[in-house]
Protein chains: 2
Amino acid sequence: MSRWEPDASGRLRQAAMELFVERGYEQTTVAEIAQRAGLTARTFFRHFADKREVLFASSAVLLDRLAEAVEDAPASASTMTAVLAALDAAAAVLGGQHETARQRYSIISANAELRERELIKLASLSAAIADGLRRRGVADPEASLAAEAGIAVLRVAFEHWLSGPADQDLARIVRQSFDQLKTLTATI
Amino acid sequence: MSRWEPDASGRLRQAAMELFVERGYEQTTVAEIAQRAGLTARTFFRHFADKREVLFASSAVLLDRLAEAVEDAPASASTMTAVLAALDAAAAVLGGQHETARQRYSIISANAELRERELIKLASLSAAIADGLRRRGVADPEASLAAEAGIAVLRVAFEHWLSGPADQDLARIVRQSFDQLKTLTATI
DNA sequence: TAGGACATGTCACGTGATGACATGGTCTGC
DNA sequence: GCAGACCATGTCATCACGTGACATGTCCTA
């Protein structure tokens, strides 16, 4: 038998989610999370840079998927088509667990620190898309703009999806949002 | 003679900027800022909710201007035209002090906490625009989307403006960015 | 089997942030 | 012109977050 229980990071995430749901983010200390996971606070900070980060561990995967999708888009695709491919990839990752996503979203919405962290994660997604576009030869104000607009579409679509029934298709809502943006910018 | 020197808040902001420039944000403690302003750390936290906020005191003004601009846009104006009016108002507020803006931007860029705070301030601008649009009768996914896209345009334009010469007109760059977004979304 | 790599524990400490209470000028009503 | 409310600040105590330094015990490998 090994010296420690396996999957410390997973236990910490689990314990954190439970406690945040039970009593809220601010009312939960890192020491309590660690204790529930059978660890110490110091160890918590070895797995997560800070208390917020325990809720955002999965965002690295999402970033990779977006980057891949932009890279894999055909060379002939327009800038915005490549962005749409990235959004489809995001929808595939996010669109699976409606209830979990809702719960997580409600924890984040209730706390300013967490909303800030959420925004910077979204910004890093945008940066990854912009990066991919630049590698495709798209020049810079245009690459950033396309990426930012894409993330704006994703955000709005995601929130709309969350507020609706569980069986809706996120990718479809993303596509509708994009079309709406197209219409909006064209009507001036 | 009064008991205290006037304009405590202004002195704190001034002291903070100086120290952040001299030695960086993280290397500056709240106690040091307060001391330079002739006050105590406890008083700092009475004027600013936290250490970051001392750099964002002016954003409330910006928010008001945006809200006004949306409200004052003619009833006949399209959704995106109202958003553009708000962006013009933002450009008028931000476009005046190129060098100051650059210095502030470099402090913020160098620190993750500050970038997070910047993003949530931008998100609150977006929320204010969306609010104004809803009051004009624009329904909700559309209002959010138009506001988010508008702020994306503002962000990209602002950064582009900062990276260029001081005498460029921010409002013009904003307009160009918007046109570029229009082109991007149309080309799919 | 010795020794290094590694995940965790333990301890100490600085900083950010907040509540409770004290202080002493300024303003207002009478 | 004074009592008392008001208000900005100071002082003190305290807590949670976050980090550096060092210790410990298990597993892996030469």
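A note on names: the letters A, B, ... follow the listed sequences, proteins ahead of strands, and every chain is numbered from 1.
- At a cut-off of 3.5 Å, with distance as the only test, no side-chain donor of Q176(B) or Q180(B) sits close to an acceptor on the other residue.
- When distances are taken from the side chain of R42(B) to each of dG18(D), dT8(C), dC12(D), the shortest belongs to dC12(D).
- Each of dG16(C), dG10(D), dA8(D) was ranked by its minimum atom distance to the side chain of L39(B); first place goes to dG10(D).
- One interatomic measurement links the two molecules: CD of E113(B) to P of dC17(D), which rounds to 14 Å at whole-angstrom precision.
- Counting to the nearest Å, the P atom of dT15(C) and the CG atom of D50(B) are 17 Å from each other.
- At a cut-off of 3.5 angstrom, the base of dG18(D) holds no donor-acceptor pair with the side chain of R46(A).
- For the pairing with F48(A), the side chain to side chain contact (heavy atoms under 4.5 Å, CB included) check across I33(A), V30(A), V54(A), L55(A) returns one residue only, V54(A).
- Side-chain N/O atoms of T40(A) include none lying less than 4.0 angstrom from OP1 or OP2 on dT8(C).
- Nearer to the 5' terminus of DNA chain C, by closest-nucleotide assignment, is the contact made by A8(A) (compared with the other of F48(B) and A8(A)).
- Comparing dT9(D), dT19(D), dT15(C) against the side chain of T29(B) picks out dT15(C) as the nearest.
- Atom pair E26(A):CD and dG19(C):C1' shows a separation of 16 Å (rounding to whole Å applied).
- For the OP1/OP2 pair of dT8(C) and a distance below 4.0 Å, the side-chain nitrogens and oxygens of H47(A) include at least one atom meeting the criterion.
- In this structure, the nucleotide among dA8(D), dA17(C), dT10(C) sitting nearest to the side chain of F45(B) is dA17(C).
- Contacts of T28(B) with the nucleic acid, taken as non-hydrogen atoms under 4.0 Å apart, involve only primed sugar atoms and P, OP1 or OP2.
- The side-chain heavy atoms of L66(B) and L63(B), taken from C-beta on, include no pair separated by under 4.5 Å.
- Across dT19(D), dG25(C), dG25(D), the shortest atom-to-atom separation from the side chain of R3(B) is found for dG25(C).
- Within the 4.0 Å cut-off from OP1 or OP2 of dT8(C), not a single side-chain nitrogen or oxygen of R11(A) is found.
- As a whole-Å value, the separation of F44(B) CZ from dT9(D) P is 13 Å.
- Judged by a 6.0 Å distance limit and a 45° cone about the ring axis, R104(A) is positioned over the six-membered ring of F56(A).
- A41(B) comes within 4.0 angstrom of nothing in the nucleic acid, heavy atoms only.
- A cation-pi geometry, defined here as NZ or CZ lying under 6.0 Å from the six-membered ring centre and within 45° of its normal, does not hold between K51(B) and F45(B).
- The side chain of V30(B) approaches dG16(C) more closely than any other nucleotide in the set dC12(D), dG16(C), dA7(C).
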